[in-house]
Amino acid sequence: MTDHTPPIITIDGPSGSGKSTLGRALATRYGLQFVDTGLLYRGLTVAALHKGLGAEDAEAIAELARTAHLELNTDPTKLPGTWDLRINGWDPHGEERDPSHARLLSEVSAIPAVRTALLAVQRAFGLAGCVAVGRDCGMVIFPEACAKIYLEASDAIRRHRRASQFEEQGTSVDPSLLSREITERDRLDAPRTFRDPDACVINTDLNDISEMIRIAAQYCDDMGCTAPQCPSQPRREERV
Ligand code: DC
């Protein structure tokens, strides 16, 4: 990586740990694209459902992953209600977040050929620099990232945050469905969730949003993530 390589910052962690909030804040701060990698898996799951495909149709879903045109809105300052994701030009308008798809979502994410197909899609965002949020961004998608963050939070806080997100969107969700969604997805996603040993770990139970952003921004600044310059290797002693 040269000094002119646009920075890549990765944020991994379980559902509801605060990745999107932090990702948008850091992308805005450094003038980078915000790449929510989970939306690619969500979009593919919606596309599979619309084609009548289920978990048993792994090969057909993998083919969909290779051929569907999945677009992400990477503007970190986009207004609520603006499109997030397009599948072959179509906006699913929140269907991608329906908690009743949770099981298929994890099953789709577990198909190796799907992960291979989406790897290239995700890496393409890195060329212009980005803040990428997901499960394996630091270890698998962007091992070269200049700053890697891992967020953790208790189950109770994560449930509360997910419920608030739905409330903000004007959708009411059965709390037991939400609870099952988080527990089951944690279990199913665990084999594909990685914490880079070099990552800056932030517990978002103990830190409110502004403190989480302050700690992460300080860490990224320390790592040299000031566009367009970004050093190639994290320095362990500078971790929070
Ligand atoms: O971050 P999220 O909850 O929107 O992610 C949706 C699903 O996508 C999640 O169940 C696991 C999967 N995922 C993944 O396997 N790898 C990623 N980098 C991001 C998400």
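Indexing begins at 1, ligand by ligand and atom by atom, following the structure's order.
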With a 4.5 Å heavy-atom cut-off, do E95 and H93 have their side chains touching?
-> no
When distances are taken from atom 18 (N) of ligand 1, the protein heavy atom at minimum range is D136 OD1, 2.8 Å
Heavy atom of the protein closest to atom 11 (C) of ligand 1 (residue, atom name, distance) | D189 OD2, 3.3 Å
Neighbour count above 12 (heavy atom, 6.0 Å) for L119 CG = yes
Give a yes or no on whether a salt bridge exists between D186 and R158, defined as a side-chain N under 4.0 angstrom from a carboxylate O.
-> yes
Is R115 paired with D136 through a side-chain N to carboxylate O contact shorter than 4.0 Å?
-> yes
Option whose closest heavy atom lies nearest to atom 5 (O) of ligand 1, chosen from G38, P14, S20 | G38
State, with a plain yes or no, whether a side-chain heavy atom of F34 is found less than 4.5 Å away from one of K78.
-> no
What is the closest protein heavy atom to atom 15 (O) of ligand 1, and at what distance does it sit?
-> R115 NH1, 2.8 Å
Tell me, which protein residue and heavy-atom name are nearest atom 1 (O) of ligand 1, and how many Å apart are they?
-> R135 NH1, 2.8 Å
In the protein, what heavy atom is nearest to atom 19 (C) of ligand 1, and what distance, to one decimal place, separates them?
-> T37 OG1, 3.3 Å
Which protein non-hydrogen atom lies closest to atom 4 (O) of ligand 1, naming both residue and atom, and how far is it?
-> R42 NE, 2.7 Å
Applying a 4.0 Å heavy-atom criterion (strictly less than), which segment of R185 is in contact with ligand 1: side chain, backbone, both, or neither?
-> side chain
Under the side-chain contact (heavy atoms from CB on, under 4.5 Å) rule, what do L72 and L85 come out as? Steps first, then yes or no, please.
-> CA-CA 5 Å; L72 297 182; L85 161 74; 4.1 Å; yes
For atom 8 (O) of ligand 1, closest protein heavy-atom neighbour | Y41 CB, 3.4 Å
For atom 12 (C) of ligand 1, the protein heavy atom that lies nearest, with its residue and separation = S109 OG, 3.4 Å
Residues which pass side chain to side chain donor-acceptor pair (under 3.5 Å) with R29, listed by chain and number, not counting sequence neighbours = D221
